[in-house]
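Numbered from 1 within each chain, the chains take letters A, B, ... in sequence-line order.
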Amino acid sequence: MAIIERPSATPATAGAGAPTFVPPSQAMGIFHRPVATTGWKSWLFTVDHKKIGIMYGVAAFAFFLVGGLEALLIRTQLAAPDNTVLSAGLYNQMFTMHGTTMIFLFVMPMISALANYFIPLQIGARDVAFPRFNALSFWCFLFGGIFLNTSWFLGGAADGGWFMYQPNASNLFSPSHGVDFWALGVQITGIASLTGAINLIVTIINMRAPGMTLWKMPMYTWMILVTQFLLVFAVPVISVALFLLTFQRSFGGQFFNVDAGADPLLWQHLFWIFGHPEVYILIMPSFGIASEIIPVFSRKPLFGYKVMALSGAVIAFVGFGVWAHHMFASGLGPVSVAVFSASTMIIAIPTGVKIINWTLTMWGGKIRYTAAMIFILGMIVQFVIGGLSGVTHAVSPSDTQQTDTYYIVAHFHYVIFGGAVFGIFAAFYFWWPKMFGRMLDERLGKWNFWLMAIGMNLTFGPMHMIGLQGQPRRMVVWPSKLTGDGLFNLGFWNRVASVGSYMIGIGVIVFLVNIYRTHRKSNTASLAPLDPWDARSLEWMTANPPKDHNFDAIPTVHELDEFFHRKYEEVDTEHGPKLVKTTTAEALLAEQEANADEHIHMPSPSYWPILLAFTLPVISYGIIFSIPLAALGGALLLVCAFGWALEPSTAPESDFDPPAEAGPSKELEHVG
Amino acid sequence: MSFHRNEQVGTVQDMHSSRSSVARRSTSRRAALAGLGMLGLFLAGCAKDAPQDTFQPAGENARTIDNLQRPVFWIAGVIGVIVFILMGYIMVRYRDRGQSLPEQTHGKMSLELGLTMIPTLIMVGIAVPTMATIFDLAKTSDTECVVNVTGQQWWWEFDYPVQEGCVSGGIKQPIVTSGQMPIPTGTKVLLKIESRDVIHSFWVPKLNGKKDSVPGRTHTLRMEVDEPGIFSGQCAEFCGLSHARMRMEVVGLNQADFDTWATNQLEPYEAPTDPLALTGEATYAAQCSRCHQVDGLKKDDGSLIVSQPELYVVSGAAPNLTNLMTRNTFAGATWDLLTPACRDKVWNASPEEFGALYLKGVTRECLNEAELRDWIRDAPNKKPMYTDPTKLEPSDGKVRGMPALGLNDDQITELIAYLLERK
């Protein structure tokens, strides 16, 4: 697919007077096109997928800490019976924001961080298909997340639960603006997810290196591709639901007004048709990470590559057919309940296939227990526990006892925190050397793992019992008279869970300490070679960190695990054919540099994405507080959209200061 | 520790191998210890006699669910243990001990298919009884007694409509109560569950799974109790500020005791004789009867007082207090009307003694006066509700919950004397 080429403007002679024409990039705006490559402007206006990835990661981690603090406050409130640390109103805001922050502002953007950074590298591309669009995704996420959190200071945060059931979340029953902030904030971050999904799908389908068929893509790329399809079909549903909610709350809509004839279950269906695929969106990337890390640290290829790819696609597909298992107690008839119970049981099977294949990958291997590997092994163990409790909910009569209790809280924290988040931490340890040229300390990494793992199991393990023995969720207090007798009653386990949550917090602090110690300039031991793990895929065949344009020469791919096969050759020995390492990453990189492409063209930075993203919270504040402000925001949005559309993806010569020498033309090459 | 290597050493990780080989053994050992620790904790640990324990069914429907959930938990547990033992074995057996690069196997379809078949068969095995149970629990054709359940922020109302069942000879006049729902033992009761405002969920774990109460819809739930006793429940769908304080109890009474209870509920109003209670009656009529119905209470002119909570309360109702002291919890079943000692006697009574103890109701000696005083004096302080008169614009001035009435201690004493006679 060709990107439209734009002929370069005739460059002005260096040092001569003003040009006699108006350069295209100045036609719309007052400001020159940003062209800085260093400093804060190079971050604010970047379209480079790697910088965007890092910004996604930093922002997402900051929200992780915010959500974590909210969790610690919740667990502190629940550490004792009839506790008074948080009032009921504040508690309801706390658990709503904890869930919303962790899902929409931590896990999803962190997935985008890693995907943005590594997908182009894994497929041998120089950037994503739509770089400015990519920047827009990031800024929408950041501004949406900040907007959502300003609600704390503007009348109270949302307090209807992250699932925001109607009619409790209507104006009558939730009069503060919190729910409005929630609806608009999640809407904005939804735009980020949707635009990011479109971008990555086009990138993966169109921009793979020559020779890289779909069956030669790394499994992480496969899982990200499946995840993006999930997003494309699921996010519009929540967008619709949020529009209905906003119109109901701000403009007199009657969509969920029972007195006007509405059925509150409409919201539930819309929310869960999004909400169930959403959880597969959260976990599939970590499945992909596991499929990268286990082969590397077992020294064997992924067992059953095609089955793994297809099982991912099957999970995604069936994942759209199980949503009403969140509604088994909501008053659906027995036929619906039976159908969704069956479909939920079906989805356990392709998931189990993945566990089997990872296990068989390790079988017969040569396993190294680095921090990345033990985080992945922890992920698998915890995901199995969470997955098995998930199977128990598929049995819908049991689920009518389990739903809305701490048993469910245990289940989803095991799969999301124990599963997806541990996978993300594994990816940190695995990919840190490539992103930053330094290796996180392994010893601190193990402390990080054990504190988080033991803390996590202490927090959420007992919740299985607490739920099955009668404690519902979303309760600001629990009374002693419902805790039963004996030392190990529900009160005891609530206390244990609270202690565990603090241990998780300490584990996260250890991770931050690890980052700090690793990056101290005096710490030369942490400087990383190009290929510290003897890895298998193309992202390791680059500099540390990769150059702006990723690859000096786009590699031609001949097989799966291309990088591994360039390093290892089969050699005949007296004991039969053996794989022997014949070259290193350093040598391969030098070879690339020697054969570097002459014309490497990269898209130029732009300020339209951040400006356009900025108009969205302006419109949202307007919807809540002042319609004229919303109209102003809308007008600005149109200006930005036009400005963006009229701007070429690459800046003409005359935008560079000082003007570039007459050299290679700035036409864009065919890509992909 | 030395290694023999066939391949070139090219990575930093190889140089760290000797250190990591010690680390990996202690990693595996620590993993095993952690696993044992978790298992120990788990086995040590269920609460004894938790009032809402789903593993202690006290009625047919909960038992049906328990009979299905136990084998499924066992199967899940066994599968989990097998997977973990396998993983533990692999983690030890195939750790890097300096062996050469392993055989680069890519897969084996027969193994894949076989290992996929096993979970599929297990799932089918679980699915069949599940489907049967779903339809069993949805059955309404064998109903012997109907109770209407209405959820409202933040309490439950129970009304027994006119019908042939429940009471020997049938119910001739509707009975309205709240907080505690007596039903006859061994009877197939059907609850018809609705809501007046937001979504709530009716859940009494020892008797059945939960069913949401959704405004604009009616949902059914089977309810059956084996033996006399009192069974705790809670609202189980987040419903706003005091979701945590919206509870209820189901009370099982044998048929004779239930008949006695029902008759008592419909007995005509008896004006108080005690002078303090008489003053309380007047205070009640002036302060409380606007929202809280007491059947038979008359105005000064002799006409019946009919409460009109729909004028003051968003959701349109307030608990009927006609026979308040025949139940032993209040304010959404959140606090006991009984002192702890009396409560223990009733709640822990054997099935044979329970009925008589329950039917005694709340006596002066057993009244938990402090809690009731606190509530009447300043209800929103005890249970967060939307009753601040300055903040009621979104609801056109109507409250959600019981407001603080500004009564002094004397008035409260009178009211309590009056309420004690509501039996």
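The candidate from A/Trp358, A/Trp478, A/Tyr407 with the greatest count of non-hydrogen atom pairs under 4.5 Å with chain B is A/Tyr407. If you tally non-hydrogen atom pairs under 4.5 Å between each of B/Asp53, B/Asn61, B/Leu68 and chain A, the highest count goes to B/Asp53. Among A/Leu302, A/Val571, A/Leu265, the residue with the largest count of heavy-atom pairs under 4.5 Å with chain B is A/Leu265. For the set B/Thr64, B/Ile65, B/Asp49, the entry with the most heavy-atom pairs within less than 4.5 Å of chain A is B/Ile65. Contact count versus chain B (heavy atoms, under 4.5 Å) is highest, among A/Thr483, A/Val353, A/Thr359, A/Val381, for A/Val381. Considering only heavy-atom pairs separated by less than 4.5 Å from chain B, the leading option among A/Ile466, A/Asp259, A/Val391, A/Val307 is A/Val307. For the set B/Arg217, B/Lys211, B/Met87, B/Gln234, the entry with the most heavy-atom pairs within less than 4.5 Å of chain A is B/Arg217. Of all the listed residues (A/Gly331, A/Ser398, A/Ala453), the one sharing the greatest number of non-hydrogen pairs under 4.5 Å with chain B is A/Gly331. If you tally non-hydrogen atom pairs under 4.5 Å between each of B/Tyr89, B/Phe55, B/Phe73, B/Tyr386 and chain A, the highest count goes to B/Phe73. The greatest number of non-hydrogen atom pairs below 4.5 Å with chain B, out of A/Gly486, A/Pro479, A/Gly161, is found for A/Pro479. Note on B/Ile75, B/Leu137, B/Thr120: by heavy-atom pairs under 4.5 Å with chain A, the leading option is B/Thr120. Listed options B/Lys391, B/Arg93, B/Arg343, B/Lys383 were ranked by heavy-atom pairs under 4.5 angstrom with chain A; first place goes to B/Arg343.
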Full working for salt bridge (Lys or Arg N to Asp or Glu O under 4.0 Å) between B/Asp96 and A/Lys366: CA-CA 5 Å; B/Asp96 189 339; A/Lys366 185 172 141 82; 3.2 Å; yes
side-chain hydrogen bond (donor to acceptor under 3.5 Å, both in side chains) evaluation trace for B/Glu237 with A/Asn168: CA-CA 10 Å; B/Glu237 183 58 64; A/Asn168 186 51; over 6 Å; no
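We find the CG-CG distance between A/Leu360 and B/Leu115 to be 6.5 Å, quoted to the nearest 0.5 Å. Taking OH of A/Tyr568 as the reference point, atom CD of B/Gln104 lies at 8.5 Å (rounded to 0.5 Å). Here the straight-line distance linking atom CG of B/Asp212 with atom OG1 of A/Thr403 works out to 8.0 Å at 0.5 Å rounding. Separation of atoms OG (A/Ser170) and CG (B/Asp197) is listed at 10.0 Å; rounding is to 0.5 Å. Between the CD1 atom in B/Ile79 and the CG atom in A/Leu388 there is a gap of 6.0 Å [rounded to 0.5 Å]. Atoms CG and CD, from A/Leu482 and B/Gln52 in turn, are 4.5 Å apart once rounded to the nearest 0.5 Å.
A/Lys578 is not listed as a side-chain neighbour of B/Leu101, based on a closest heavy-atom distance of 4.5 Å or more. The side-chain heavy atoms of A/Val395 and B/Thr133, taken from C-beta on, include no pair separated by under 4.5 Å. Side chains of A/Lys481 and B/Trp347 form no contact here, defined as non-hydrogen atoms less than 4.5 Å apart. Between A/Pro167 and B/Pro215 there is a side-chain heavy-atom pair separated by less than 4.5 Å. Under the 4.5 Å side-chain criterion, counting only non-hydrogen atoms from C-beta, B/Val198 is not in contact with A/Gln166.
In this structure, chain A has a heavy atom under 4.5 Å from the side chain of B/Gln153, while its backbone stays farther away. Heavy atoms of B/Thr334 lying under 4.5 Å from chain A belong exclusively to its backbone. Only the side chain of B/Glu112 has a heavy atom closer than 4.5 Å to any heavy atom of chain A. Heavy atoms closer than 4.5 Å to chain B are found in the side chain of A/Gln268, but not in its backbone. The contact between A/Ala348 and chain B is made entirely by side chain atoms (from C-beta outward), counting heavy-atom distances below 4.5 Å. Residue A/Ile349 touches chain B through its side chain alone, counting heavy-atom pairs closer than 4.5 Å. In this structure, chain B has no heavy atom under 4.5 Å from any part of A/Phe449. Contacts between A/Lys567 and chain B at a heavy-atom distance below 4.5 Å are absent for every atom of the residue.
B/Lys210 contributes a side-chain N or O that, together with a main-chain N or O of A/Thr400, makes up a donor-acceptor pair within less than 3.5 Å. Between the side chain of B/Thr54 and the backbone N or O of A/Leu468 there is at least one donor-acceptor pair closer than 3.5 Å. Of the possible polar contacts, none joining the A/Tyr369 side chain to the B/Arg95 backbone as a donor-acceptor pair under 3.5 Å is found.
Side-chain contact check for B/Asn208 and A/Gln401: no donor-acceptor pair (N or O, by modelled atom type) lies under 3.5 Å.
Across A/Pro301 and B/Thr105, no two heavy atoms sit closer than the pair CG-O, 3.4 Å. Minimum heavy-atom separation, A/Val476 to B/Ala244: N-CB, 3.6 Å. Taking both residues in full, the closest heavy atoms of A/Ser341 and B/Thr130 are given as OG-CG2, 3.7 Å, listed atom of the first, atom of the second, then distance. Contact record, A/Pro472 with B/Trp203: CG-CZ3, 4.0 Å, taken as the closest heavy-atom pair. Of all heavy-atom pairs spanning B/Gly240 and A/Asn92, the tightest one is O-ND2, 3.5 Å. The two residues A/Thr392 and B/Ala76 have their closest heavy-atom pair at CG2-CB, 4.4 Å.
The residue from A/Phe95, A/Phe173, A/Tyr165, A/Tyr91 that alone fulfils the ring pair (Phe, Tyr, Trp, His ring centres under 6.0 Å) condition with B/Phe238 is A/Phe95.
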